[in-house]
Chemist: 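Take a look at the following structure, please.
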Amino acid sequence: MTRFRSLVLLLALSLLVPVAGFAAESADEETDGTLPTPPPIDPASPQAEVRDRLLIVGDAGELMRLPGSGQRLTEDDLEAQKHSDVHRILWQVPGIYVQEEEGWGLRPNIGIRGTGVERSQKVTLMEDGVLIAPAPYSAPSAYYTPTAARMEGFEILKGPAAIRQGPFTTGGALNYLSTSIPGELGGAAQVAAGEDGFLRAHASVGDSGQRFGWLFEGFRMESDGFKRLDTGGDTGFELDDYVGKLRFTSGPQASRYQALEIKLGKTEQFGEETYVGLTADDFERTPYRRYAGSEEDFFTSDHEQVQASYFAQLAPRLDLTATAYNNDFFRNWHKLQSVAGVGIASVLDRPETYQREVSVLRGELDSAPGEMAVRNNRRDYYSRGVQTMLGWRPGERHDLEIGLRYHEDAEDRFQEEDLFQMVDGRMVLTSLGAPGSNANRVSSADALALFVVDRIDLGRWTLTPGARFESIDLERRDFGKSDPQRTGTALRVSRNRVEEIVPGMGVSYRLSPETAVFAGLHKGFAPPAPGSAEEVEAEESLNYELGWRRAAGRMRADLVGFFNDYDNLLGTDTLSGGGGGTGEQFNGGAARIWGLEASLATRFDVGEGLDVPLRVAYTWTDSEFRTSFETSFADWEPEVAIGDELPYLPAHQLSVGSGLDAERWAVNIDASYVGEMRTRSGSGPIPADQGIESRLVFDLGGEWVMAERYRLFVQVRNLTDEVYVVARRPAGLRPGLPRTVLVGIGFDF
């Protein structure tokens with residue numbers, strides 16, 4: 001979709017929202033000038049029960065009964081920050097680790113309790129309770145994740161309750177909660193603009209009647225980019241995201257309540273993005289530089305989703321939820337792969353060894369024809385399935401859930417490399433690669449999963465035993481580089497089957513109505529990839545946690561200790577991780593990760609109509625390998641010794657947020673600290689070329705209610721203009737977002 005068409009559609013929707021709002025307001029005799037929000041669904045209504053079945057954590061009341069760690073970020077939490085970057089949103093959650101990439105959170109790198117952050121591949125990612133990564137079983141690297149700015153909430157589940165989700169149960173699950181259909185006519189529109197050509201527009205409108213509800217939502221974000229390409233031109237992106245929802249419900253006289261909700265979504269993205277970072281010396285001088293050798297790099301993607309959820313109240317204590325879903329995703333990352341046959345990661349990690357290649361990359365030296373290989377990383381994905389859950393409350397003490405999911409997904413790699421020459425600081429095409437001449441294979445998975453969880457209330461005690469069963473058939477068909485039409489049979493076919501039982505047990509004891517302690521033990525599991533060598537095993541661990549939580553009045557606090565004991569840790573060779581992109585997996589043997597999570601959220605009334613919110617989240621983590629081995633895996637190479645620490649796992653993380661809230665204005669400041677970390681496994685002092693220094697980033701925001709239902713807001717990201725490194729992968733050093741100022745206006749009714 002072109003930029004013009006996208007902006008016209010969003011403008012039309014933005015105009016529709018105020019018109020509908022004024023029409024609705026005309027029936028009111030007067031307003032108080034504050035910003036109303038669409039009426040929430042009545043918690044006692046059948047619609048609320050439908051919504052609860054799609055949640056993985058639940059509301060604040062459910063959190064107190066949860067026998068394990070869980071957080072829910074509400075619409076109010078997100079509204080206070082107004083972030084479109086999921087990394088910044090998740091900074092406020094302990095036990096979550098993120099690695100920024102391009103500064104805007106377009107391709108998140110998220111880990112939970114040390115699972116590793118690279119492409120969020122060890123986290124169960126969902127939208128409204130449905131698996132949302134492009135191919136969760138066969139290719140879990142999340143090159144697509146839902147647009148954070150259109151969400152009304154996030155759920156993060158850790159501990160034994162995570163076995164309800166799967167397939168990745170070690171760290172936990174992250175559930176994106178999309179905008180709900182409002183209880184009555186309502187909507188919102190917001191437009192923000194800022195430096196480097198930044199523009200963000202977001203609008204939604206919906207309504208509910210007695211038996212029918214609807215919602216339409218549109219989102220547009222774009223930027224020219226904050227990096228400066230040697231050859232000139234943009235380094236930014238364009239993102240369009242549209243969602244429509246319809247809900248049909250049974251009538252008030254029906255003997256049993258039923259509801260059907262259909263969701264359709266489409267997301268398109270184009271970015272002038274690259275895997276090429278900088279040498280350490282160049283980062284020191286010009287951290288936001290883009291080399292001439294990345295001139296031809298771009299990323300394009302298209303995601304379409306269809307989801308239909310059905311709910312039936314079969315009996316007063318028995319309900320059924322069933323969801324059918326289909327996600328199609330295409331992406332192509334056209335990016336520099338090598339210079340004179342040397343991979344860009346090696347060139348930038350060892351510039352003293354590859355001085356000529358670095359000079360070519362900078363555009364300072366002409367190359368021979370065809371010396372610069374740019375790969376079309378073209379891939380198609382699908383993810384589809386049906387999942388059902390039966391909720392049964394056979395008595396006052398039991399709340400039983402039985403879930404079944406049949407799922408299929410696949411990744412189709414069809415890649416080639418175009419060859420270029422560097423001439424006078426510009427890249428000149430030498431030859432186009434033959435389609436499919438680099439990779440021509442299909443990886444697929446069929447999975448059947450079943451879980452049973454029973455929450456047993458015994459007075460102050462709550463016990464939650466449960467188990468998950470996964471049966472996964474994996475296949476890889478390689479058609480070879482000389483058969484792009486796939487006219488013959490595959491040259492190589494490999495199949496493997498994995499069956500796993502994943503048990504878990506949680507115990508919670510309520511010391512008082514406001515305070516509880518809890519403990520949990522569950523098995524961690526991550527399946528191997530299709531085509532894995534025979535010696536590659538599934539990732540397995542035993543995970544323990546012990547915690548305390550309190551929710552009283554405006555205050556909520558949590559303190560949790562965790563210990564993950566791996567029998568076998570898996571590593572995967574990917575381009576985004578600095579490897580060769582083969583998808584080959586490596587056994588990491590025994591390892592341990594342990595830590596402490598602490599969080600506090602409260603609000604103080606200081607008089608004169610002023611409130612002071614306060615939010616604190618802290619994570620301490622330590623780790624060690626318990627096996628020695630040699631490996632070619634980029635994060636661990638060349639060898640691992642017993643006692644070595646895991647990479648990209650900072651010992652300390654701290655996030656603090658506070659501000660002032662008045663009736664018609666608010667101001668808030670957020671600080672995020674991440675301690676130093678290794679970029680390769682090791683022990684002792686961190687070598688300068690294998691580590692990332694600590695960083696402290698401040699974000700400032702303010703809002704002013706100008707008139708009835710209108711508000712003006714300002715946001716300053718990276719207030720002190722801190723220059724910091726976010727990663728040394730996939731190739732060279734990458735910077736975080738510099739100081740960026742955004743100004744916007746919003747309308748709600």
Side-chain angles (χ1 to χ4, degrees), residues 83-91 96-111 115-123 125 133-134 140-149 174 196 198 221-229 234-239 267 269-278 283 287-291 294 297-301 331-336 344-345 348-349 377 572 574-579 581 634-635 647-650 672 674 677 679 692 695 697 717-718 722-738 740:
H83 282 311
S84 52
D85 182 349
V86 69
H87 291 136
R88 278 177 149 79
I89 292 171
L90 294 177
W91 280 352
I96 295 254
Y97 313 82
V98 301
Q99 176 199 309
E100 298 175 73
E101 185 164 332
E102 78 300 304
W104 298 101
L106 300 176
R107 279 164 295 281
N109 297 280
I110 303 166
T115 56
V117 298
E118 199 260 318
R119 285 286 175 261
S120 311
Q121 60 181 294
K122 295 289 185 68
V123 175
L125 293 175
S141 293
Y143 286 90
Y144 168 81
T145 52
T147 303
L174 172 61
D196 298 316
F198 178 83
M221 188 165 67
E222 63 180 61
S223 171
D224 295 335
F226 61 88
K227 296 179 183 177
R228 302 294 175 251
L229 188 60
D234 292 345
T235 59
F237 65 91
E238 299 173 7
L239 171 68
T267 306
Q269 183 185 149
F270 179 83
E272 304 282 356
E273 193 48 68
T274 181
Y275 271 21
V276 177
L278 299 169
F283 187 92
Y288 305 117
R289 178 184 180 183
R290 274 269 303 268
Y291 292 138
S294 67
D297 291 10
F298 68 83
F299 175 87
T300 183
S301 68
R331 63 96 163 178
N332 183 18
W333 204 326
H334 187 259
K335 59 181 182 287
L336 184 68
I344 55 173
L348 294 175
D349 284 349
N377 279 271
T572 305
T574 62
L575 288 172
S576 57
D635 281 0
Y648 285 97
L649 198 58
S672 175
V674 177
M677 71 184 88
T679 58
I692 296 176
R695 53 92 169 155
V697 176
R717 301 178 182 178
N718 193 357
E722 175 82 0
V723 177
Y724 62 100
V725 177
V726 299
R728 287 182 175 269
R729 62 184 182 190
L733 278 67
R734 305 177 73 85
L737 184 75
T740 304

Chemist: For the atom pair CG (Leu733) and CZ (Arg728), what is the distance rounded to the nearest 0.5 Å?
Modeler: 4.5 Å
Chemist: Are the aromatic ring centres of Trp104 and Phe198 under 6.0 angstrom apart?
Modeler: yes
Chemist: Are any side-chain N or O atoms of Thr115 and backbone N or O atoms of Val123, one a donor and one an acceptor, separated by less than 3.5 Å?
Modeler: no
Chemist: Pair Glu101, Arg119 - check salt bridge (charged side-chain N to carboxylate O under 4.0 Å, His left out), show working.
Modeler: CA-CA 10 Å; Glu101 185 164 332; Arg119 285 286 175 261; 2.6 Å; yes
Chemist: Minimum heavy-atom separation for Tyr291 to Gly277, with atom names?
Modeler: CE1-O, 3.3 Å
Chemist: From Gln121 CD over to Asn109 CG, what is the distance, rounded to the nearest 0.5 angstrom?
Modeler: 9.5 Å
Chemist: Between Ala727 and Gln99, what is the shortest heavy-atom contact and its length?
Modeler: CB-NE2, 3.4 Å
Chemist: With the side chain counted from C-beta on, respond yes when Pro647 and Thr679 share a heavy-atom pair under 4.5 Å apart, and no when they do not.
Modeler: no
Chemist: Over all heavy atoms of both residues, which pair between Ala142 and Pro134 is shortest? Give the atoms and the distance, please.
Modeler: CA-CD, 4.0 Å
Chemist: Can you tell if the side chain of Ile110 reaches within under 4.5 Å of the side chain of Val117, non-hydrogen atoms only?
Modeler: no
Chemist: Over all heavy atoms of both residues, which pair between Phe226 and Gly736 is shortest? Give the atoms and the distance, please.
Modeler: CE1-O, 4.0 Å
Chemist: Report yes or no: is the cationic atom of Arg331 (NZ for Lys, CZ for Arg) under 6.0 Å from the centre of the six-membered ring of Tyr143, at an angle within 45° of the ring normal?
Modeler: yes
Chemist: My understanding is that only residues two or more places apart in sequence, or in another chain, count here; which of them pass side chain to side chain donor-acceptor pair (under 3.5 Å) with Ser672?
Modeler: Arg695
Chemist: Measure the spacing between OG of Ser84 and CD1 of Ile89 and express it to the nearest 0.5 Å.
Modeler: 7.5 Å
Chemist: Show the nearest heavy-atom pair for residues Pro735 and Pro287, with the distance to one decimal.
Modeler: CG-O, 3.3 Å
Chemist: Just verifying a value: how many Å separate Glu273 CD and Thr235 OG1, rounded to the nearest 0.5 Å?
Modeler: 7.5 Å
Chemist: Checking Arg729 against Tyr648: charged group under 6.0 Å from the ring centre and within 45 degrees of the axis?
Modeler: yes
Chemist: Within a strict 4.5 Å, meaning less than it, do heavy atoms of the Leu737 and Asn718 side chains meet?
Modeler: no
Chemist: Decide salt bridge (charged side-chain N to carboxylate O under 4.0 Å, His left out) for Lys227 and Asp234; before the verdict, give the C-alpha distance in whole Å, the side-chain angles of both, and the deciding distance to 0.1 Å.
Modeler: CA-CA 8 Å; Lys227 296 179 183 177; Asp234 292 345; over 6 Å; no
Chemist: List the residues meeting ring pair (Phe, Tyr, Trp, His ring centres under 6.0 Å) with Phe298, not counting sequence neighbours, and say none if there are none.
Modeler: Phe270, His334
Chemist: With heavy-atom distances below 4.5 Å as the criterion, would you say the side chains of Tyr97 and Leu649 are in contact?
Modeler: yes
Chemist: Would a 4.5 Å heavy-atom cut-off, applied to side chains only, mark Val674 and Pro650 as touching?
Modeler: yes
Chemist: Between Thr145 and Leu125, which heavy-atom pair has the shortest distance, and what is it?
Modeler: CG2-CD1, 3.8 Å
Chemist: About how many Å separate OG1 of Thr300 and CD of Glu238, when rounded to the nearest 0.5 Å?
Modeler: 10.0 Å
Chemist: Give a yes or no on whether a salt bridge exists between Asp196 and Arg228, defined as a side-chain N under 4.0 angstrom from a carboxylate O.
Modeler: yes
Chemist: Let me see the working for Arg717 and Glu722 under salt bridge (charged side-chain N to carboxylate O under 4.0 Å, His left out), right down to the final yes or no.
Modeler: CA-CA 10 Å; Arg717 301 178 182 178; Glu722 175 82 0; over 6 Å; no
Chemist: Taking C-beta and beyond as the side chain, do Val697 and Arg88 meet within less than 4.5 Å on heavy atoms?
Modeler: yes
Chemist: Does any non-hydrogen side-chain atom of Tyr144 lie less than 4.5 Å from one of Thr267?
Modeler: yes
Chemist: Would you please name every residue forming a ring pair (Phe, Tyr, Trp, His ring centres under 6.0 Å) with Trp333, sequence neighbours left out?
Modeler: Tyr275, Phe299
Chemist: Just verifying a value: how many Å separate Lys335 NZ and Asp297 CG, rounded to the nearest 0.5 Å?
Modeler: 8.0 Å
